[in-house]
S.K.: 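One structure follows; several queries about it will come next.
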Amino acid sequence: MRKMGFGEKWMKWMEGLVFSSSMSVIVNGSPTKEFIVERGLRQGDPISPFLFVIVAEGLKCLINRAVANGDYAGFVIKDRCFLDVLQFADDTLMIGDGSWAHLWAISLQQGE
């Protein structure tokens with residue numbers, strides 16, 4: 001997120017939302033004492049779609065860089081349309097030859 005231009009204040013907010021939350025459970029109509037939740041986001045958390053979009057955008061940037069470097073090749077349709085990734089809702093489909101080299105090429109873009 002830093003490479004995408006998010007500041008330290010924003011990073012602290014996200015860290016607080018993801019890693020420092022607490023909840024309680026309703027038992028027989030009454031809430032229990034709050035307890036700390038230690039493992040990331042929970043199913044149905046309203047911030048999940050927002051964070052997914054940020055992560056998806058970061059992945060797309062890595063793929064674009066790998067394509068520009070010639071390390072990743074997508075798929076060309078009738079010499080007019082180039083596909084390297086399709087994203088819809090919470091699904092991501094990477095288009096290519098399915099080689100480990102292409103996946104490693106995307107992973108290695110993080111260091112640049």
Side-chain angles (χ1 to χ4, degrees):
M1 288 174 65
R2 276 187 192 90
K3 288 184 179 183
M4 293 175 73
F6 289 95
E8 288 302 314
K9 188 178 218 180
W10 176 266
M11 298 293 290
K12 291 289 183 191
W13 286 344
M14 291 300 106
E15 184 179 335
L17 286 170
V18 174
F19 299 112
S20 303
S21 62
S22 62
M23 67 171 52
S24 65
V25 179
I26 296 177
V27 178
N28 294 330
S30 299
T32 63
K33 183 179 173 185
E34 286 193 355
F35 56 93
I36 303 288
V37 180
E38 298 179 7
R39 294 203 175 192
L41 298 174
R42 270 73 47 218
Q43 184 175 358
D45 195 314
I47 198 160
S48 293
F50 179 68
L51 290 177
F52 175 82
V53 169
I54 292 172
V55 171
E57 182 65 24
L59 175 63
K60 181 61 178 152
C61 290
L62 294 175
I63 292 171
N64 287 346
R65 195 176 308 149
V67 168
N69 291 342
D71 298 328
Y72 184 87
F75 186 73
V76 179
I77 301 171
K78 294 188 177 185
D79 296 326
R80 295 186 306 194
C81 182
F82 176 75
L83 292 175
D84 51 10
V85 65
L86 295 173
Q87 295 176 310
F88 180 76
D90 61 352
D91 295 322
T92 299
L93 180 64
M94 296 172 59
I95 311 294
D97 70 0
S99 72
W100 284 106
H102 282 181
L103 292 178
W104 282 113
I106 293 167
S107 174
L108 295 174
Q109 299 305 315
Q110 293 179 37
E112 295 180 5

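What you are looking at is a predicted structure, and each value in this text was computed from that prediction instead of being measured.
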S.K.: Which residues pass the ring pair (Phe, Tyr, Trp, His ring centres under 6.0 Å) test with Trp10, not counting sequence neighbours?
M.R.: Phe6, Phe50

S.K.: Identify the two heavy atoms, one from Ala56 and one from Gln87, that lie closest to each other, and give their separation to 0.1 Å.
M.R.: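 Smallest interatomic distance, heavy atoms only, reads CB-NE2, 3.3 Å.
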
S.K.: Do any pairs count as a side chain to side chain donor-acceptor pair (under 3.5 Å) and have a residue in residues 72-84, sequence neighbours left out, and if so which ones?
M.R.: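 Every side chain to side chain donor-acceptor pair (under 3.5 Å) pair that includes a residue of residues 72-84, provided the two are not neighbours, is Lys60-Asp84.
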
S.K.: Can you tell if the side chain of Phe88 reaches within under 4.5 Å of the side chain of Leu93, non-hydrogen atoms only?
M.R.: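 Heavy-atom side-chain distance check fails, nothing below 4.5 Å.
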
S.K.: What distance do Glu15 atom CD and Lys12 atom NZ have between them, rounded to the nearest 0.5 Å?
M.R.: 5.0 Å

S.K.: Is it the case that one hydrophobic cluster holds both Phe52 and Val55, taking links as side-chain heavy atoms less than 4.5 Å apart, direct or via other members?
M.R.: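 No.
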
S.K.: Quick check for you: to the nearest 0.5 Å, what is the distance between Leu86 atom CG and Met94 atom CE?
M.R.: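 Taking CG in Leu86 and CE in Met94, the distance rounds to 11.5 Å.
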
S.K.: Can you hop from Phe35 to Ile26 via hydrophobic side chains spaced under 4.5 Å?
M.R.: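 Different hydrophobic clusters.
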
S.K.: Do Leu83 and Ile63 sit in one hydrophobic cluster, given that two such residues count as connected whenever their side-chain heavy atoms are within less than 4.5 Å of each other, even indirectly?
M.R.: no

S.K.: Should Trp104 and Leu62 be counted in the same cluster of Ile, Leu, Val, Met, Phe, Trp and Tyr side chains packed under 4.5 Å apart?
M.R.: yes

S.K.: Among Thr92, Ile95, Val67, find the one that has a side chain to side chain contact (heavy atoms under 4.5 Å, CB included) with Val85.
M.R.: Thr92

S.K.: The criterion is side chain to side chain donor-acceptor pair (under 3.5 Å); which residues satisfy it with Glu8, sequence neighbours excluded?
M.R.: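 For Glu8, the residues satisfying side chain to side chain donor-acceptor pair (under 3.5 Å) (neighbours in sequence not counted) are Arg2.
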
S.K.: Which heavy-atom pair separates Thr32 from Ser24 by the least distance, and what is that distance?
M.R.: O-CB, 3.2 Å

